[in-house]
Number of protein chains: 2
Amino acid sequence: MDSDGSIIKALRTKGYRATAQRIAISRYALTSRAHPSARQVYDEVRSTHPTVSLATVYKTLQVLREMGLLQELNFPEGEARFDSYMRPHLHLICRRCGKIIDVEDQAAQDLLNVASRARFTVTGLRVDMYGVCQKCARRNGS
Amino acid sequence: MDSDGSIIKALRTKGYRATAQRIAISRYALTSRAHPSARQVYDEVRSTHPTVSLATVYKTLQVLREMGLLQELNFPEGEARFDSYMRPHLHLICRRCGKIIDVEDQAAQDLLNVASRARFTVTGLRVDMYGVCQKCARRNGS
DNA sequence: ATGCTTGCAAATCCTTTGCATAGTC
DNA sequence: GACTATGCAAAGGATTTGCAAGCAT
């Protein structure tokens with residue numbers, strides 16, 4: 001899902017038109033591992049498509065969400081961030097530097113099993129662990 | 001942390017004044033298991049304190065958050081919900097009925113161990129599993 | 001008495017929407 | 001050509017803030 005061809009195909013299959021803006025926005029949003037906000041996607045895409053609007057970015061991100069290609073992460077403060085890594089995984093979110101680290105681990109699968117035992121059909125998973133990353137702990141002590 | 005006495009003590013210990021509004025808001029927010037929104041807390045508290053304002057509810061919920069007594073849960077749509085169940089646990093969030101079910105399970109602890117192995121110091125945990133609860137699955141088929 | 005807290009209204013932030021124009025299929 | 005998507009500006013919803021008056025300590 002990272003080449004333009006597959007993006008175009010995915011859009012058309014779902015009945016969406018493959019415009020230049022959507023392709024550029026999707027390319028960045030679906031390949032970035034930085035969990036970008038809508039504005040960060042906007043800033044990035046504007047370097048190649050200077051006329052794109054923030055509204056189009058928001059609309060396209062919603063389209064990608066409906067297509068099941070990314071997840072919107074909301075936080076108590078600031079903008080939502082978008083995560084295109086859709087396999088079950090964990091987030092380590094550093095309160096000092098703000099970085100979101102993805103961790104793939106069996107523990108994520110184990111969560112799905114807990115749900116399944118409770119007769120709950122899972123369609124989406126989000127795991128956030130807040131704290132201090134190793135780098136920040138070293139830098140600032142404690 | 002559910003009697004008025006302990007709420008008052010907790011507030012004063014942290015340097016906050018124990019006003020009637022704060023006590024009423026805290027009592028409801030810290031004992032409800034319904035993961036209420038700020039407005040729901042407001043509506044509830046107004047039944048006994050008709051003059052309370054929504055702004056005070058928001059301010060008090062932030063105070064409780066700073067005190068580490070509750071967690072703010074943000075979602076892509078609608079208001080934030082507040083969760084005073086602070087031990088590690090999982091949320092099963094039904095996309096049909098909207099209910100948030102708390103599940104205490106070893107799997108939550110296992111997540112903390114994963115973080116610790118990555119030399120990440122965890123101070124907060126949030127696990128959301130979206131899907132369809134048993135009740136809704138029965139009712140609507142699928 | 002001091003200064004934190006309240007309630008009101010206005011302001012703010014992020015996101016969505018309406019609509020005329022442009023572009024895709 | 002029909003119909004969707006874009007870009008702009010304006011609207012929207014949730015939450016926060018400024019401030020005078022009211023309380024807790």
Side-chain angles (χ1 to χ4, degrees), chain A residues 4-5 7-29 35-43 45-46 48-67 70-82 98, chain B residues 4-5 7-27 29 35-43 45-67 70-82 98:
Chain A
D4 286 5
I7 292 169
I8 293 170
K9 189 150 79 175
L11 284 167
R12 290 199 179 137
T13 301
K14 299 274 184 173
Y16 296 107
R17 293 187 176 173
T19 64
Q21 294 92 324
R22 276 190 183 153
I23 295 165
I25 293 164
S26 303
R27 184 170 44 220
Y28 180 70
H35 307 85
S37 67
R39 178 160 291 276
Q40 287 170 328
V41 174
Y42 173 63
D43 289 339
V45 170
R46 242 191 328 178
T48 53
H49 294 71
T51 67
V52 80
S53 73
L54 186 54
T56 296
V57 171
Y58 273 106
K59 285 169 185 164
T60 300
L61 290 172
Q62 288 314 312
V63 165
L64 296 175
R65 196 152 79 91
E66 278 159 30
M67 292 170 69
L70 53 74
Q71 184 180 14
E72 181 177 341
L73 304 176
N74 300 87
F75 298 96
E77 299 189 341
E79 311 164 281
R81 314 265 301 255
F82 292 85
Chain B
D4 286 5
I7 292 168
I8 293 171
K9 189 149 79 174
L11 285 168
R12 289 197 180 141
T13 301
K14 299 275 186 173
Y16 295 107
R17 292 186 177 175
T19 65
Q21 293 93 323
R22 276 188 182 152
I23 294 165
I25 292 164
S26 303
R27 184 169 46 220
H35 307 84
S37 66
R39 178 160 292 278
Q40 287 169 328
V41 173
Y42 172 62
D43 289 339
V45 169
R46 241 189 332 176
S47 65
T48 53
H49 294 70
T51 66
V52 81
S53 74
L54 185 53
T56 296
V57 171
Y58 273 107
K59 285 169 187 164
T60 301
L61 290 172
Q62 288 315 314
V63 165
L64 295 175
R65 195 152 82 90
E66 280 158 30
M67 292 170 69
L70 53 74
Q71 184 179 14
E72 181 175 343
L73 304 175
N74 299 275
F75 299 96
E77 299 190 339
E79 311 163 280
R81 313 263 304 254
F82 292 85

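Just so it is clear: chains get the letters A, B, ... in the order the sequence lines come, proteins before strands, and each one is counted from 1.
- Boundaries of the chain B contact region on DNA chain D are D:dA14 to D:dT25, first to last in 5' to 3' order (nucleotide atom under 4.0 Å from a heavy atom).
- Remark: B:T51 is in phosphate contact with C:dG7, judged by side-chain N or O atoms under 4.0 Å from OP1 or OP2.
- Atom NZ of B:K59 is separated from atom C1' of C:dT6 by 7 Å (rounded to the nearest Å).
- Side-chain contact between A:Y42 and A:V52 is present, with at least one heavy-atom pair separated by less than 4.5 Å.
- We find that CD1 of B:I25 is positioned 8 Å from P of C:dG7, with the value rounded to whole Å.
- For the pair B:K14 NZ and C:dC4 C1', the computed distance is 18 Å after rounding to whole Å.
- In this structure, A:A80 reaches the sugar-phosphate backbone alone: every heavy-atom distance under 4.0 Å involves primed, P, OP1 or OP2 atoms, never a base.
- Taking only side-chain nitrogens and oxygens, A:Q21 never comes nearer than 4.0 Å to OP1 or OP2 of C:dG23.
- Between A:A38 and A:L54 the shortest heavy-atom distance is O-CD1, 4.1 Å.
- In this structure, A:L54 places its CG atom 12 Å from C1' of C:dC13, rounding to the nearest Å.
- Between A:E79 atom CD and C:dT15 atom C1' there is a gap of 10 Å when expressed in whole angstrom units.
- Straight-line distance from the CD atom of A:Q62 to the P atom of C:dC14: 16 Å, rounded to whole Å.
- Of all the heavy atoms in A:L70 and A:A29, the pair that sits closest is CD2-CB, 4.0 Å.
- Along DNA chain D, the nucleotide nearest A:V52 and the nucleotide nearest B:A18 are compared for position; the residue whose nucleotide lies closer to the 5' end is A:V52.
- The side chain to side chain donor-acceptor pair (under 3.5 Å) check on A:E72 picks up A:Q62, A:R65, A:N74, with sequence neighbours excluded.
- B:R22 comes within 4.0 angstrom of sugar-phosphate atoms only, judged by non-hydrogen atoms across all strands, and of no base.
- Checking B:Y16 against B:A55, the closest nucleotide of DNA chain C that is more toward the 5' end is the one next to B:Y16.
- Protein atom CZ of A:F75 is 15 Å distant from nucleotide atom C1' of C:dC14, rounded to whole Å.
- Residues A:R12 and A:Y16 bring no donor and acceptor atom of their side chains to less than 3.5 Å of each other.
- Within 4.0 Å (heavy atoms only), A:R39 reaches no atom of the nucleic acid at all.
- Annotation for A:Y28 and A:Q40: closest pair CE2-O, 4.4 Å, computed over non-hydrogen atoms.
- The two residues A:S26 and A:L64 make their nearest non-hydrogen contact at OG-CD2, 3.6 Å.
- Within the 4.0 angstrom heavy-atom criterion, no nucleotide atom of any strand lies near B:A20.
- In this entry the distance linking NE2 of B:H49 with P of C:dT6 reads 11 Å, nearest Å.
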